[in-house]
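One structure below.
Note that this is a predicted model, so its numbers are computed, not measured. Just so it is clear: chains get the letters A, B, ... in the order the sequence lines come, proteins before strands, and each one is counted from 1.
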There are 2 protein chains.
Amino acid sequence: MAIDHLDGRIIVLLAREPRIGVLEMSRRLGVARGTVQARLDRLQSNGVIRGFGPEVDPAALGYPVTAFATLQIRQGQGADVRAHLATVPEVLELHTTTGTGDMMCRLVARSNADLQRVIDRVVGFDGIVRASTAIVMENPVPLRIIPLVEQAALGE
Amino acid sequence: MAIDHLDGRIIVLLAREPRIGVLEMSRRLGVARGTVQARLDRLQSNGVIRGFGPEVDPAALGYPVTAFATLQIRQGQGADVRAHLATVPEVLELHTTTGTGDMMCRLVARSNADLQRVIDRVVGFDGIVRASTAIVMENPVPLRIIPLVEQAALGE
DNA sequence: CGTTCACTGGGCAATGTGTTCAGCCGTACG
DNA sequence: CGTACGGCTGAACACATTGCCCAGTGAACG
């Protein structure tokens, strides 16, 4: 479960050039092919690398508006609300949290006007008491993992 | 930029079995290999598919705690704050938003105690007026794209 | 001192890739 | 009405890569 330096280099290399193969990686890293293969297998069975799914840009799909919604849930309705939100395609992500809200979700929509429809659909459910929404304007730091991997690979 | 049914099936198939090759995809989808290849090239140059980077689980890396922080920024300090947050490895994502806060970021930490250190580092910067943090407990809906792709591929 | 483990470097058959080609068929357009 | 175009098919080719196996080496550890 601990990540060493070589693991880190493999992940970073893979993140920068996803289409790269095991053989080319072994050349770049200066190790034997079998080593890279074994490390990759281990990283995947460890769960460190969950997969290699395509990163799809919702904006390019026609959903350029992103928003975060904080939801307050009626006591005991949590499971129902989770199930409800899971059926809404525009809900890309859902977390239960501590703090003022009970849940936090990431939404996308076709436009600001369409966002209203999405929010109506999200909150149009009995267990949800209140929703507060923040529309994303810019995304200065897109979801990233490389710096964290490098930190984990160095000092541990 | 519009996604048709075949594009949708390609993306979904790729999301479910990322290790699959072009040849195997063409067999499963019942189309010629060249077609799948051309579609994939188009989806990537369109920007619909951004890449195939490895999905790394921060928890498996030793960072099991996730939190969302809402930040209030002193007027005109936005650029400096962005640059500062970009240097913190535990900041996985940063957005500027409308609403009560000015920015919203996703953080990870080694423990709840460690989260204090991360937050101190995040807000220990001149331009940040206030931070409010919500710790993630559960993640009922992990970041997903398939339902949205299916919706985009059907009715458009 | 012996065992275990990870890495090396090599070899093998099987498979997939990148690329190109001609042919087919709708649709848009002159 | 005829033609040109774009997308799809099915096939071919050389080439690189994969998955898998093996024996040998060196370091860590009991």
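Both cation-pi conditions hold for Arg110(B) and Tyr63(B): the charged atom is under 6.0 angstrom from the six-membered ring centre and inside a 45 degree cone around its axis.
Asp41(B) and Gln37(B) are not linked by any side-chain donor-acceptor pair at a separation below 3.5 angstrom, with hydrogens and angles left out of the test.
Near DNA chain C, meaning a heavy atom under 4.0 Å from it, residues 34-41 of chain A has Thr35(A), Arg39(A) in order of number.
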Detail all sub-3.5 Å separations between protein N/O atoms and N/O atoms belonging to nucleotides 14-16 of chain C.
from, atom 1, to, atom 2, distance (Å)
dG16(C), OP1, Arg27(B), NH2, 3.3

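Under the side-chain hydrogen bond (donor to acceptor under 3.5 Å, both in side chains) criterion, the residue pairs touching residues 11-20 of chain A are Glu17(A)-Arg28(A), with sequence neighbours excluded.
Put simply, the side chain of Met103(A) does not reach to within 4.5 Å of the side chain of Thr70(A), judged on heavy atoms. Residues Val122(B) and Val91(B) form a side-chain contact, since some pair of their non-hydrogen atoms from C-beta on lies under 4.5 Å apart. Counting heavy atoms from C-beta outward, Val65(B) and Asp114(B) have side chains that stay 4.5 Å or more apart.
Applying side-chain contact (heavy atoms from CB on, under 4.5 Å) to Val36(B) and the options Val22(B), Leu13(B), Leu23(B) leaves one that passes, Val22(B).
Once rounded to the nearest 0.5 Å, the distance linking CD1 of Ile49(A) with CG of Leu43(A) reads 4.5 Å. Between Asp126(B) atom CG and Ile73(B) atom CD1 the span is 11.5 Å, to the nearest 0.5 Å.
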Table please: side-chain donor-acceptor pairs of residues 80-89 of chain B below 3.5 Å, with sequence neighbours left out.
from, atom 1, to, atom 2, distance (Å)
His84(B), NE2, Arg121(B), O, 3.2
Thr87(B), OG1, His84(B), O, 2.6

Would you sort out whether Asp4(B) and Arg39(B) count as a salt bridge (Lys or Arg N to Asp or Glu O under 4.0 Å), showing the intermediate values? CA-CA 10 Å; Asp4(B) 78 356; Arg39(B) 294 298 189 112; 2.9 Å; yes

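A salt bridge does not link Glu90(A) with Arg106(A): none of the charged nitrogens is closer than 4.0 Å to a carboxylate oxygen.
The nucleotide range of DNA chain D contacted by chain A, defined by atoms under 4.0 angstrom from heavy atoms of the protein and reported 5' to 3', is dT17(D) to dC20(D).
Distance, Met25(B) CE to dG18(C) P: 13 Å, rounded to whole Å.
Looking at DNA chain C, the stems built from 3 or more consecutive Watson-Crick or G-U wobble pairs, each pair with its key distances under 3.5 Å, are C:1-30 with D:1-30.
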